[in-house]
Amino acid sequence: MAAKKKVTSNDGYVDVVKAIGTKSGAKTEFLPEKVDYRKLARVYRFDGIGKNICNCVADDGTAPGFEMDGDSDGSLLKEVLKTGLRRAYKRAARWTRAFGGAVVVMKIADSRKLDEEAGKGKIVGFNVYPCSMVKVENADYDTDQKSPNFGEPKWFTVTMRNGDKVRVHRSRCEIFYGEEVPSAEGMESSITGNELIFGDSALVAVMKRLEKLGMSEEGIAHMMSELNVAYYQWKGFDAKLSMKDGLSLVKRRMEAVEMGKSTNRAIIGDIEDKYTVIKTDLAGVPETTYRQMQLVAAAAQLPVAKIFGESSSGLSTTGEGNRKMYDKKVETWMEDHVTEQVEHLVSEILVRNLGKDGDVTITWNSVTQPTDEEFTKMVKDQSEYFHTFIEDGVLTPEEVRTIMFKNGHTFKLSLPEEEPEDDEE
């Protein structure tokens, strides 16, 4: 005869916000958690604040585009657009922010397999995989001590959307790295292999704050649901409860009162009955909520205005200080996480698609785009500078015309190099 299983029945009121019916402790120790890619994906997909933290920096940094050196005829730019590189590095920047890294696989038109070193051939496109869809086994590392990539992954196994796994050689990949992970000494149980290879997601530092912000919003919603509490005082209330159907009688009485409030906008009762409303004091609630928003912004190292869409406040009433801080953050992040990778991919296009040698240097366009009014003032100020240069003999009117109009307007005060004159025979 099978032993009887003990059945535990819980039937009670549980209120997480007020900690009623729940266990709570005084534990304040912070322990790092192992990153869960599924959790990061859920936050990115369903939490608008978390998604904005990931996308705003990646989108604002990549949207203005970049300028390339040595592309006077525009042929390299044409190839960059043709291969879809701009779409690829924008997606890679997003996945790097969201998951901690990304792998861009170059689709090279050669006859070799993907797990073999890339041969000669043009780049016809790119596939982008977040590091959550990439796996590196111990056997995938380069163990050749003479190799320049010694100790680094030589192969990456990527999972495609249909679930198939494909092993790709490192020479076909460009790696985008996330936030730097500190030494793993004493933290082996909380850091995965992928984190050590790629880095941390931008959401890791803000996850706890996002949870506390959600608890704060839940608490406010709970308070709002109990904003006005009805308080009934009926003569003989205790006596009614002691009757056989006392509770039902009390409920019917309350329903009758509420129905009277809804239909007749009046409360009818005995002369000795009392009805009052206890109001909840919401003083300090906005300040508490805004404080939680500030803590989220501090953890993300982004302005509150950018994350939550609040009106700007900073060094001036226009929020100029916040805007400058944000622009600097974006530019620094792009330089640390995107620029080198994009330069290498553009250089690969230059060599493979155009048959030219050389490393390309790119310069990202400014994150802050001036308004029409600001641009008009900048042009006016520039024209005054040029007028002074013409009077002083530094520039000629033809040179000013070349700078401002011939090749498109620019604020860079430079002229193309003059071609050397042929020596007269």
Side-chain angles (χ1 to χ4, degrees), residues 32-44 53-54 57-58 61 88-108 114-118 126-161 163-207 332-345 348:
E33 294 182 357
K34 185 175 180 179
V35 173
D36 184 346
Y37 284 128
R38 291 186 177 182
K39 184 175 182 180
L40 292 176
R42 288 195 298 270
V43 172
Y44 181 83
I53 290 173
C54 296
V57 175
Y89 69 66
K90 180 178 180 179
R91 182 175 295 177
R94 282 185 169 186
W95 291 161
T96 298
R97 293 281 298 175
F99 297 99
V103 174
V104 175
V105 178
M106 295 177 282
K107 294 193 285 187
I108 301 174
L114 289 177
D115 61 350
E116 297 177 344
E117 187 174 358
F126 303 92
N127 286 335
V128 185
Y129 301 93
C131 65
S132 59
M133 299 175 66
V134 180
K135 191 174 182 180
V136 179
E137 303 288 353
N138 290 334
D140 294 334
Y141 284 89
D142 191 346
T143 57
D144 184 3
Q145 297 184 11
K146 296 180 180 180
S147 171
N149 297 320
F150 171 70
E152 298 181 3
K154 192 174 181 178
W155 292 276
F156 295 93
T157 301
V158 299
T159 303
M160 297 188 296
R161 289 185 177 272
D164 292 344
K165 298 183 184 298
V166 180
R167 199 168 185 236
V168 185
H169 194 273
R170 175 68 174 82
S171 60
R172 302 174 182 272
C173 303
E174 188 62 40
I175 313 304
F176 286 71
Y177 299 97
E179 303 299 324
E180 186 176 359
V181 174
S183 172
E185 185 178 357
M187 300 173 62
E188 292 85 353
S189 61
S190 64
I191 294 184
T192 65
N194 267 21
E195 292 172 71
L196 295 177
I197 296 172
F198 296 100
D200 266 341
S201 161
L203 295 174
V204 171
V206 300
M207 195 70 74
T332 301
W333 189 86
M334 291 291 293
E335 187 67 27
D336 293 343
H337 301 273
V338 181
T339 300
E340 182 179 345
Q341 286 79 358
V342 174
E343 285 181 341
H344 182 257
L345 289 171
E348 286 285 326

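All of these numbers come straight from a predicted model, not from anything done at the bench.
In terms of heavy atoms, C131 sits closest to G100 at SG-C, 3.9 Å. Taking both residues in full, the closest heavy atoms of G163 and T159 are given as O-CG2, 4.0 Å, listed atom of the first, atom of the second, then distance. Contact detail for C173 and H169: the closest heavy-atom pair is SG-O, 3.4 Å. F176 approaches F198 most closely through the heavy-atom pair O-CD2, 4.2 Å. When every heavy atom of T96 is checked against every heavy atom of G178, the shortest pair comes out as CG2-CA, 3.7 Å. In terms of heavy atoms, V128 sits closest to W95 at CG1-CD1, 3.9 Å.
Counting only distance, with no hydrogens or angles, the side chain of T157 and the backbone of R167 share no donor-acceptor pair below 3.5 Å. When atom types are taken as modelled, the side chain of R97 and the backbone of L203 share no donor-acceptor pair closer than 3.5 angstrom. Side chain of D115 to main chain of W155: no donor-acceptor pair is present (N/O by atom type, distance under 3.5 Å, no hydrogens or angles). Looking only at distances, a side-chain donor or acceptor of S171 sits under 3.5 Å from a matching main-chain atom of A118.
Taking a 6.0 Å sphere around CD of E152, one finds it holds more than 12 heavy atoms contributed by other residues, nucleotides or ligands. No more than 12 heavy atoms of other residues, nucleotides or ligands sit less than 6.0 Å from atom NZ of K135.
Side chains of I175 and R170 form a contact here, defined as non-hydrogen atoms less than 4.5 Å apart. Contact annotation: the side chain of Y177 approaches that of Q341 to within less than 4.5 Å [non-hydrogen atoms, C-beta and beyond]. With contacts defined as side-chain heavy-atom distances shorter than 4.5 Å, the pair E174/E348 does not qualify. Using a 4.5 Å cut-off on side-chain heavy atoms (C-beta onward), V104 and Y89 make no contact. Side chains of K154 and T143 form no contact here, defined as non-hydrogen atoms less than 4.5 Å apart. Looking at heavy atoms from C-beta onward, M106 lies in side-chain contact with F126 at the 4.5 angstrom threshold. In this structure the side chain of I197 reaches within 4.5 angstrom of the side chain of P153, judged on heavy atoms.
Here N127 contributes atom CG and R172 contributes atom CZ; the two are 12.5 Å apart, rounded to the nearest 0.5 Å.
Ring geometry for H337 versus W333: interplanar angle under 30°, hence parallel rather than tilted (30 to 60°). Ring pair F99/Y44 is tilted by interplanar angle, where 30° to 60° counts as tilted.
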Is there a side chain to side chain contact (heavy atoms under 4.5 Å, CB included) between V204 and E179 once you walk through the steps?
-> CA-CA 10 Å; V204 171; E179 303 299 324; over 6 Å; no

Please test V158 against M133 for side chain to side chain contact (heavy atoms under 4.5 Å, CB included), starting from the C-alpha separation and ending with a verdict.
-> CA-CA 6 Å; V158 299; M133 299 175 66; 5.9 Å; no

Please walk me through it: do F156 and V136 pass side chain to side chain contact (heavy atoms under 4.5 Å, CB included)?
-> CA-CA 6 Å; F156 295 93; V136 179; 3.6 Å; yes

